[in-house]
Colleague: 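Pasting in a structure now, in structure tokens, and then I'll have a few things to ask.
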Amino acid sequence: MDKHSILVCMGWEQLEIRLQKCEGWEQIEISLPNCSSLQVISFPVVQLHLNRTAMRASQKDFENAMNQVKLLKKDPGNEVKLKLYSLYKQATEGPCNMPKPGVFDLINKAKWDAWNALGSLPKETARQNYVDLVSSLSSSLESSSQVEPGTDRKSTGYETLMVTSEDGITKIMLNRPTKKNALNVEMYHEIMHALKAASKDDSAITVLTGNGDYYSSGNDLTNFTDIPPGGVEEKAKNGAVLLREFVGCFIDFPKPLIASGQCPALGHLPSPSLGYSIAVYASDRATFHTPFSHLGQSPEGCSSYTFPKIMSPAKATEMLVFGKKLTAGEACAQGLVTEVFPDSTFQKEVWTRLKAFAKLPPNAMRISKEIIRNREKEKLHAVNAEECSVLQGRWLSDECMNAVVNFLSRKSKL
Ligand SMILES: CCCC/C=C/CC(=O)SCCNC(=O)CCNC(=O)[C@H](O)C(C)(C)COP(=O)(O)OP(=O)(O)OC[C@H]1O[C@@H](n2cnc3c(N)ncnc32)[C@H](O)[C@@H]1OP(=O)(O)O
């Protein structure tokens with residue numbers, strides 16, 4: 001600091017004020033760390049330059065921040081991702097220069113809106129804001145994982161599941177109760193991982209269940225908003241690959257698998273877990289609903305094959321084509337559910353039974369399951385492949401886009 005500089009403390013931060021004579025004007029330059037743009041304020045006798053030259057992010061900082069984003073362990077959510085996207089575009093290309101996407105091109109429209117909203121923000125400022133945002137993001141996500149390590153993650157290594165193994169039973173519990181156990185991409189991967197681990201552990205049986213007041217609400221519809229650089233086509237293709245692998249894990253799961261649901265099951269998880277479970281136990285409060293047509297989609301989880309076989313083609317049509325919701329009693333009468341228990345005694349009765357099953361010779365159970373299911377395996381994999389390919393096309397349809405927009409806008413997610 002030269003002799004004309006003074007440091008002023010303004011409570012929350014320090015300002016450096018430099019005084020210099022300038023053609024008869026008194027010019028005061030103030031460095032304000034959180035000021036993102038150069039401003040000049042004129043007074044009758046002085047000009048104040050607020051600048052943050054020293055604070056400007058270098059290209060290197062920007063590149064580091066871009067790398068840091070890829071390493072974030074937690075998804076920061078769509079709102080933040082849109083902000084990052086828009087700042088990145090502004091920093092690298094300047095003001096939005098793209099034609100506005102069509103109304104049904106949801107994702108690109110959201111991205112365009114975010115970028116366009118930055119107006120003529122200078123590239124340097126956008127770069128700085130990007131760096132600041134990434135830095136705040138890294139520290140907030142790190143600190144949240146320090147403060148709240150996620151008891152489940154710590155004890156089980158999973159972010160979206162609680163997996164326990166006890167008394168010969170591995171229990172895989174979907175654990176996003178605030179989102180009604182909707183399956184985000186991470187949950188798909190974690191379920192596959194948990195099933196693969198359960199197939200090799202020393203438990204005799206595996207139970208799939210949900211935490212909270214929904215067994216599951218199916219595919220997380222915000223999955224549709226996270227569009228990769230290749231656009232919606234690439235998104236749909238990736239979704240089909242993921243779904244095929246996910247359902248494949250159920251088809252190949254070697255041990256007895258039991259779905260235990262005390263509450264409503266919606267969409268997508270019911271299909272694979274009902275179709276391939278050795279037993280489905282439900283409380284009298286549970287319901288089963290596959291609203292594929294409502295969402296502009298088509299059956300998955302091999303339900304187009306297993307449901308007509310388990311129920312009847314006519315009943316399966318009501319459920320899979322018209323989205324008719326079944327009560328637990330109806331589902332049981334139609335063979336989708338093994339047994340219904342009163343809600344008040346559900347846990348006690350089901351777990352007593354499961355513990356008894358888990359004491360049976362595990363190899364005999366595995367071999368028995370194998371002989372029941374193996375004849376169908378090839379067929380199920382073929383059905384799965386076909387369903388995923390049909391769905392890939394559906395996800396690009398206006399019908400599907402509209403349904404997702406309706407849900408997300410109802411929830412103000414767009
Ligand atoms: C990649 C493979 C894709 C395979 C495709 C599979 C097809 C399907 O899975 S079809 C089924 C899709 N699911 C749905 O259509 C269900 C949508 N959700 C709902 O209709 C309702 O949320 C509900 C009936 C399940 C519950 O309604 P309720 O009023 O009790 O609670 P909400 O306030 O609506 O929900 C709380 C919270 O949870 C979020 N949420 C619930 N379900 C989903 C979902 N499927 N996707 C994303 N988010 C979901 C909801 O937005 C709320 O979040 P906020 O608190 O942040 O608003």
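We count residues from 1, following the sequence as given. All ligand and atom numbering here is 1-based and tracks the order in the structure.
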Colleague: Return the option from D220, T290, V404 holding the heavy atom at the smallest distance from atom 47 (C) of ligand 1.
Modeller: D220
Colleague: Within a distance under 4.0 Å of any heavy atom of G218, pick out the atoms of ligand 1 and give their elements.
Modeller: 9 (O)
Colleague: As an exercise, identify every atom of ligand 1 less than 4.0 angstrom from a heavy atom of A182.
Modeller: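 Those qualifying, in numeric order: 43 (C), 44 (C), 45 (N), 46 (N).
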Colleague: I'd like to check whether L221 has a polar contact with ligand 1, where a contact means an N/O of the residue lying under 3.5 Å from an N/O of the ligand.
Modeller: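 L221 vs ligand 1: N/O contact under 3.5 Å present.
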Colleague: With heavy atoms only and a cut-off of under 4.0 Å, state how Q297 meets ligand 1: side chain, backbone, both or neither.
Modeller: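 The side chain, only.
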Colleague: Between D252 and K377 (salt bridge meaning N to carboxylate O under 4.0 Å), is one present in this structure?
Modeller: yes
Colleague: What do you reckon, is OH of Y85 surrounded by more than 12 foreign heavy atoms closer than 6.0 Å?
Modeller: yes
Colleague: Only heavy atoms of T178, strictly under 4.0 Å: list the atoms of ligand 1 that pass.
Modeller: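 So the atoms of ligand 1 that pass are 36 (C), 37 (C), 38 (O).
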Colleague: Parallel under 30°, tilted from 30 to 60°, perpendicular over 60°: which one fits the rings of F341 and F346?
Modeller: perpendicular
Colleague: Please determine whether a side-chain nitrogen of the Lys or Arg among D201 and K255 lies less than 4.0 Å from a carboxylate oxygen of the Asp or Glu.
Modeller: yes
Colleague: Could you walk me through whether H193 and Y158 satisfy the ring pair (Phe, Tyr, Trp, His ring centres under 6.0 Å) test, starting with their C-alpha distance in whole Å, then the side-chain angles of each, then the deciding distance to 0.1 Å, before giving a yes or no?
Modeller: CA-CA 10 Å; H193 186 277; Y158 293 100; 5.6 Å; yes
Colleague: Measure the shortest side-chain to side-chain distance between S165 and T170 over non-hydrogen atoms and say whether it is less than 4.5 angstrom.
Modeller: yes
Colleague: Contact between ligand 1 and L295 is defined here as a heavy atom of the residue under 4.0 Å from a ligand atom; is it met?
Modeller: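 Judged by the 4.0 Å heavy-atom criterion, L295 does count as contacting ligand 1.
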Colleague: Return the set of residues passing side chain to side chain contact (heavy atoms under 4.5 Å, CB included) with D167 (not counting sequence neighbours), or none when no residue passes.
Modeller: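 D167 satisfies side chain to side chain contact (heavy atoms under 4.5 Å, CB included) with K355 once adjacent residues are dropped.
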Colleague: Please tabulate, for the side chains in residues 319-327, all donor-acceptor contacts under 3.5 angstrom to protein atoms that are two or more places apart in sequence or on a different chain.
Modeller:
from : atom 1 : to   : atom 2 : distance (Å)
T327 : OG1    : E330 : N      : 3.1
T327 : OG1    : E330 : OE1    : 3.4

Colleague: Are any of the heavy atoms in F246 under 4.0 Å away from ligand 1?
Modeller: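 Distance cut 4.0 Å: F246 fails for ligand 1.
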Colleague: Go through ligand 1 atom by atom and flag the ones less than 4.0 Å from a non-hydrogen atom of W395.
Modeller: 2 (C), 3 (C), 4 (C)
Colleague: Please check whether K179 reaches ligand 1 - meaning an N/O of the residue sits under 3.5 Å from an N/O of the ligand, judged on distance alone.
Modeller: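 For ligand 1, there is an N or O atom that lies under 3.5 Å from one belonging to K179.
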Colleague: Looking only at heavy atoms, is any part of L183 under 4.0 Å from ligand 1, and if so is it the side chain, the backbone, or both, or is it neither?
Modeller: neither
